Amino acid sequence: IAGITQAPTSQILAAGRRMTLRCTQDMRHNAMYWYRQDLGLGLRLIHYSNTAGTTGKGEVPDGYSVSRANTDDFPLTLASAVPSQTSVYFCASSDDTGGADTQYFGPGTRLTVL
Amino acid sequence: GQNIDQPTEMTATEGAIVQINCTYQTSGFNGLFWYQQHAGEAPTFLSYNVLDGLEEKGRFSSFLSRSKGYSYLLLKELQMKDSASYLCAVREGDYKLSFGAGTTVTVRA
């Protein structure tokens, strides 16, 4: 593994189903983030984690949950998917040291909820 | 929260220069980032400004004026591969970023 990986690449899901999007990084970054990207709205932060064991809510957290059991993994769960959660989801990580603290993004998961 | 504005679309000719403006409103500015995103791909880091002035990196330059809440990304000697979306992002206080909706740049031959 090099960088950040996400799985699945794409998924079609029936409304009401539970779904977990996976994100793994091998850069030993402290901070990790989940964004959704919708046409005309740009990237919006769903949840974040500054370090293993802690999480926080972003701009659009409703309907989503996250956990950070270790440094490398940051799964995003949709407990009961709704069509408005159709989007492209990006996971990102950073060193969380301030300054030019660049966020590195995974390849994304394209989710369609029908 | 933050209000980040950038133009939706811009078109330019190969070899030309394009300037993408970004204005923002924030109460605790802690850095401004520009990312490039090709269609169907992940955003990738281009530049970072935290102090006023110009940062140059090859064909790309980024400018910041904190007092005006204003930044621009300058792309010189445009190439076809520069056709992409360019995202302005502001960090306020802690390490989270707020992104603008992005500017889609189309380079024509």
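So that the names make sense, note that chain A is the first sequence line, chain B the second, and so on, each numbered from 1. On a predicted model such as this, the values are computed, not experimentally measured, just so you know. Computed from heavy atoms alone, side chains included, the values below leave out hydrogens, waters and symmetry copies.
For Ser87(A) and Asp38(A), the side-chain atoms include at least one donor-acceptor pair closer than 3.5 Å. Side-chain contact check for Asp73(A) and Thr24(A): at least one donor-acceptor pair (N or O, by modelled atom type) lies under 3.5 Å.
The parts of Leu43(A) that come within reach of chain B are both its backbone and its side chain, each placing non-hydrogen atoms under 4.5 angstrom from that chain. Residue contact with chain B, scored on non-hydrogen atoms closer than 4.5 Å, involves the side chain of Gln37(A) exclusively. Residue Tyr104(A): no heavy atom, backbone or side chain, is found under 4.5 Å from chain B.
Atom CD of Gln6(A) is separated from atom CZ of Arg110(A) by 12.0 Å, given to the nearest 0.5 angstrom.
Across Ser47(B), Pro43(B), Ala101(B), Gly31(B), the residue that shares the most heavy-atom pairs under 4.5 angstrom with chain A is Pro43(B).
Ring planes of Phe63(B) and Tyr72(B): parallel class, angle under 30° (limits at 30 and 60°).
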